[in-house]
Amino acid sequence: MPTATDTIEALAERDYEYGFVTDVEQDTAPPGLSEDIIAFISAKKKEPQWLLDWRLAAYRGWLKMAEPTWANVRYEPIDYQSICYYAAPKSDDDRPKSLDEIDPEILATYEKLGIPLKEQEMLAGVAVDAVFDSVSVATTFREKLAELGVIFCSFSEAVQDHPELVRKYLGTVVPRRDNFFAALNSAVFSDGSFVYIPKGVRCPMELSTYFRINAMNTGQFERTLIIAEEGSYVSYLEGCTAPMRDENQLHAAVVELIAHEDAQIKYSTVQNWYPGDKEGVGGIYNFVTKRGLCEGGRSKISWTQVETGSAVTWKYPSCILRGDDSVGEFYSVAVSNNRQQADTGTKMIHVGKRTSSTIVSKGISAGEGQNTYRGSVRILRSAEDARNFSQCDSMLIGDRCGAHTFPYIDVANPSAQMEHEASTSKIGEDQIFYCNQRGIDTEDAVSMIVNGFCKEVFRELPMEFAVEAQKLLEVSLEGSVG
Amino acid sequence: MLRVSDLHAKVEEQEILKGVDLEVHAGEVHAVMGPNGSGKSTLAQVLAGKEDYEIAAGLLELDGEDLREMAPEERAHAGLFLAFQYPVEIPGVGNSYFLKAAVNANRKARGEPELDAMDFLQLLRERAELVDVDEALLRRPVNEGFSGGEKKRNEILQMAVLEPRLAVLDETDSGLDIDALKTVAAGVNALRSEDRAFVVITHYQRLLNYIVPDHVHVLLNGRIARSGGSELALELEEKGYAGLTKGSSGG
């Protein structure tokens, strides 16, 4: 079995070579949001008129909306007019010249995660020359994917090269006025990923944003669209375990998935945005709308997420189970340490007959972290013989943190079968003492106990991601006990 | 090897051990018997270093080292093992994974090279056979859903794998039927050796039919009221602790 380091090294080797990098040296828009700014963004991206109109409609909707306050999170009000909605990628002159200029604490974390030096430079935004390109692994991937008819590119490229697909599906799962943050994203989204899997194709490799160096700088308003045609399969990995710093505090991404008949989409996320310092200062606000539509019969969408970063997380990857016999799954590990706050969960909306959904949520709170599970299961009248199984477990480390669970269940068809299990446990002193007595120190004991607690979720992750996620959890909880 | 002298320990301001003396040499098996509430389990927990207990006075040494200065894991590294009366469940953590982590933590602390997966597996299989533990148990999460008997056997297995210098067995016989008791005792006997010592804490004489001790101590009201050879256990069986209380001068 490969070790975490081997895995990360292997991943690193596939990097730094992709045809995705666009050579642009743009201006930066002045702070603030207006129709002019949106037109500016759209023009910079050479977008067609329909897309500009779409953005403007979203913006007009957004103006009438209020920021949601129902989530169990507290943060300073965001001044939307002080944010810069279009920033040119940094030129090499503005970037750190070497790792010597990077915060030693961040470097120490890279070290703990076993990230190779070259990759550390990239993550820290060091201006690196292009010498690394050796064998172009990614190009090979792209060619192989192209042979199968799979499209995997940046969202901007898709707008240029596959406008008919983008136009057909954009906003069909997350309408442009769905919620405050989704509307904001729809108005100003910067870039993101686009995936199209043709009928009957089983995508032969895990697709990862990791392949795309410029995905690192897609910025605050990422937009992802994945379409799986009839009978196809794709596994998509988002994020990376290394701590990601960003000067933009607000992040509002939108992800839309569409699975046609008999298609399967597996979407895995490891989110490790900067959580702020121990007092919570400077951390990222991560307000994400992720939703999948099981459009066709027997289609399946699985969300797996490991959320360890951000100061504030507001995220509910959901499934609309429209096709008969379609399946939705949500597996989640969310960690809040120090001052982190996470309000996360899922929505499963059962429309089709014999639809089934599974929810497994593991919340871990440490320090003064606050962790909330918020989940909604709706069985519509049309959903004959629907089934749901929900399991929400919370673990508390220390006595200053909190865990909260808000399950909403709404059943309009009496044939539904619902199961809900919930538990809250405090990481036991007895458990730690037991490990100590066997010679295992407290830090290792905690990480072992927590990993055991999360096992049901980790086993849903692709192998290499799972190894990294375990390691990440250790680092995230370091110093939380004792 | 183990030297306990005039040990006083309290929990939440209540004194439970009121001057315990105990000296254990390599190769010996000592039984500590006593009624409920006499301080038997407290003694075990204090030896292992459970935080809840405060040592008010007295001496506690393992091989001349002051145990009071050592964290629980350091005591383990020094060769002290406690078979728990109530083994703790660790959901989701595989039994063999846990044991490998423990073995390697100890090896690391002692400056020995860590065992790789293959070497460890070989050791584990060999030890499982020695103490008659089914391999299926190794694949399950630590103590989760184990029967009382399985938990106790798992403790013995851990002891066999970790090869401690001093093993303290805290009421390992409680809740066992006679067959399980024999298996557990056979496991302990298989591990008896010249450089290893045992402190067997038990309520009943029954276990001592199978693990024959060199010394028997009776703990009453926080003190060793009487010490003797294995025949003392039989006397207790006959007269009960009450009979002994009357005969003892300390009360």
Side-chain angles (χ1 to χ4, degrees), chain A residues 1-3 6 331 333 360-364 391-399 421-461 466-467 469-471 473-474 481-482, chain B residues 44-45 47-53 70-95 97-110 112 116-117 140-144 151 154-155 157-159 161-164 167-168 170:
Chain A
M1 207 179 84
T3 66
D6 289 346
Y331 299 95
V333 168
V360 177
S361 163
K362 305 278 181 177
I364 300 158
Q391 183 188 336
C392 309
D393 298 325
S394 307
M395 179 177 265
L396 301 170
I397 304 176
D399 51 16
E421 291 176 8
S423 77
T424 301
S425 56
K426 204 166 163 191
I427 201 161
E429 277 169 26
D430 288 346
Q431 284 175 322
I432 292 175
F433 180 63
Y434 190 74
C435 295
N436 287 160
Q437 210 299 309
R438 298 302 184 245
I440 300 165
D441 70 31
T442 300
E443 202 122 282
D444 288 348
V446 169
S447 103
M448 185 186 283
I449 294 165
V450 168
N451 274 316
F453 174 72
C454 298
K455 196 171 210 166
E456 289 153 286
V457 175
F458 285 166
R459 70 173 172 223
E460 297 296 326
L461 286 171
V467 175
Q470 280 195 22
K471 189 85 189 153
L473 221 58
E474 270 169 42
V481 173
Chain B
Q45 300 279 322
L47 286 172
K50 180 97 167 130
E51 265 184 16
D52 309 355
Y53 298 90
M70 294 159 78
E73 63 270 27
E74 291 169 333
R75 300 181 193 205
H77 303 155
L80 180 96
F81 178 91
L82 171 64
F84 284 69
Q85 184 180 2
Y86 304 108
V88 177
E89 299 186 2
I90 310 180
V93 176
N95 213 7
Y97 177 86
F98 174 78
L99 262 175
K100 179 162 177 266
V103 165
N104 281 334
N106 282 298
R107 292 183 72 98
K108 207 171 153 187
R110 292 170 194 155
E112 299 163 14
D116 64 23
R140 286 164 54 186
V142 180
N143 294 323
E144 196 186 10
K151 283 183 180 174
N154 197 32
E155 294 292 289
L157 169 68
Q158 293 187 18
M159 177 172 79
V161 171
L162 292 168
E163 305 182 291
V168 179
D170 188 6

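A note on names: the letters A, B, ... follow the listed sequences, proteins ahead of strands, and every chain is numbered from 1. Just so you know, these numbers come straight off a predicted model, no measurement behind them.
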Q: Given a strict heavy-atom distance threshold of 4.5 Å, which part of B:Leu80 is in contact with chain A: side chain, backbone, both, or neither?
A: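 When you check distances to chain A, atoms from both the backbone and side chain of B:Leu80 fall under 4.5 Å.
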
Q: Distance from B:Lys50 atom NZ to A:Asn436 atom CG, nearest 0.5 Å?
A: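 Rounded to the nearest 0.5 Å, the NZ-CG separation comes to 9.5 Å.
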
Q: Non-hydrogen atoms of chain A under 4.5 Å away: do they reach the side chain of B:Glu51, the backbone, both or neither?
A: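 For B:Glu51, there is no contact with chain A at all, as no heavy atom is under 4.5 Å.
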
Q: Non-hydrogen atoms of chain A under 4.5 Å away: do they reach the side chain of B:Pro141, the backbone, both or neither?
A: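 For B:Pro141, neither part sits under 4.5 Å from chain A.
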
Q: Rounded to the nearest 0.5 Å, how far does NZ of B:Lys108 lie from CG of A:Asp441?
A: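 So the gap between those two atoms works out to 8.5 Å.
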
Q: Just so I understand: if I count every heavy-atom pair under 4.5 Å between each of B:Asn106, B:Asp52, B:Asn104, B:Val142 and chain A, which residue has the most?
A: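 Of the candidates given, the most pairs with chain A belong to B:Asn106.
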
Q: As an exercise: rank B:Tyr86, B:Tyr97, B:Phe84 by heavy-atom pairs under 4.5 Å with chain A and give me the winner.
A: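 So the answer, after comparing B:Tyr86, B:Tyr97, B:Phe84, is B:Phe84.
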
Q: So which part of B:Ala101 gets closer than 4.5 Å to some heavy atom of chain A, the side chain, the backbone, both or neither?
A: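 For B:Ala101, heavy atoms of backbone and side chain both lie under 4.5 Å from chain A.
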
Q: For the pair B:Phe98 and A:Tyr434, name the ring-plane relationship: parallel under 30°, tilted 30 to 60°, perpendicular over 60°.
A: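 Correct class here is parallel.
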
Q: Mind checking the CG-CD spacing from A:Asp430 to B:Glu89? Nearest 0.5 Å is all I need.
A: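 Between A:Asp430 CG and B:Glu89 CD, I get 12.0 Å after rounding to 0.5 Å.
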
Q: Under 4.5 Å heavy-atom distance to chain A, tell me which part of B:Leu162 shows up: side chain, backbone, both or neither.
A: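 Just the side chain, heavy atoms under 4.5 Å.
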
Q: As an exercise, state the distance from NE2 of B:His77 to CZ of A:Arg438, rounded to the nearest 0.5 Å.
A: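 Answer for the NE2-CZ pair, B:His77 versus A:Arg438, is 12.5 Å.
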
Q: Below 4.5 Å, heavy-atom pairs only: which of A:Gln437, A:Met448, A:Glu456 has the largest tally toward chain B?
A: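 Looking at each of A:Gln437, A:Met448, A:Glu456 in turn, A:Gln437 comes out on top.
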
Q: If you draw a 6.0 Å radius around CD in A:Glu429, do more than 12 non-hydrogen atoms from other residues or ligands fall strictly inside?
A: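 Open.
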
Q: Please look at B:Val103 and chain A and tell me whether the side chain, the backbone, both or neither of the residue comes under 4.5 angstrom of a heavy atom of that chain.
A: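 Neither the backbone nor the side chain of B:Val103 comes within 4.5 Å of chain A.
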
Q: Please report the closest heavy-atom contact between B:Ile90 and A:Gln431, naming both atoms and the distance.
A: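 Between these two residues, the closest heavy atoms are CA-NE2, 4.1 Å.
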
Q: Shortest non-hydrogen contact from B:Val93 to A:Gly452?
A: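 Closest pair (atom of B:Val93, atom of A:Gly452, distance): CG2-CA, 3.8 Å.
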
Q: Between B:Arg75, B:Glu155, B:Glu74, which has the largest tally of heavy atom pairs under 4.5 Å with chain A?
A: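 The candidate making the most pairs under 4.5 Å is B:Glu155.
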
Q: For residues A:Gly439 and B:Ala105, report the shortest heavy-atom separation together with the two atoms involved.
A: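 Where A:Gly439 meets B:Ala105 most closely, the heavy atoms are O-CB, 3.2 Å.
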
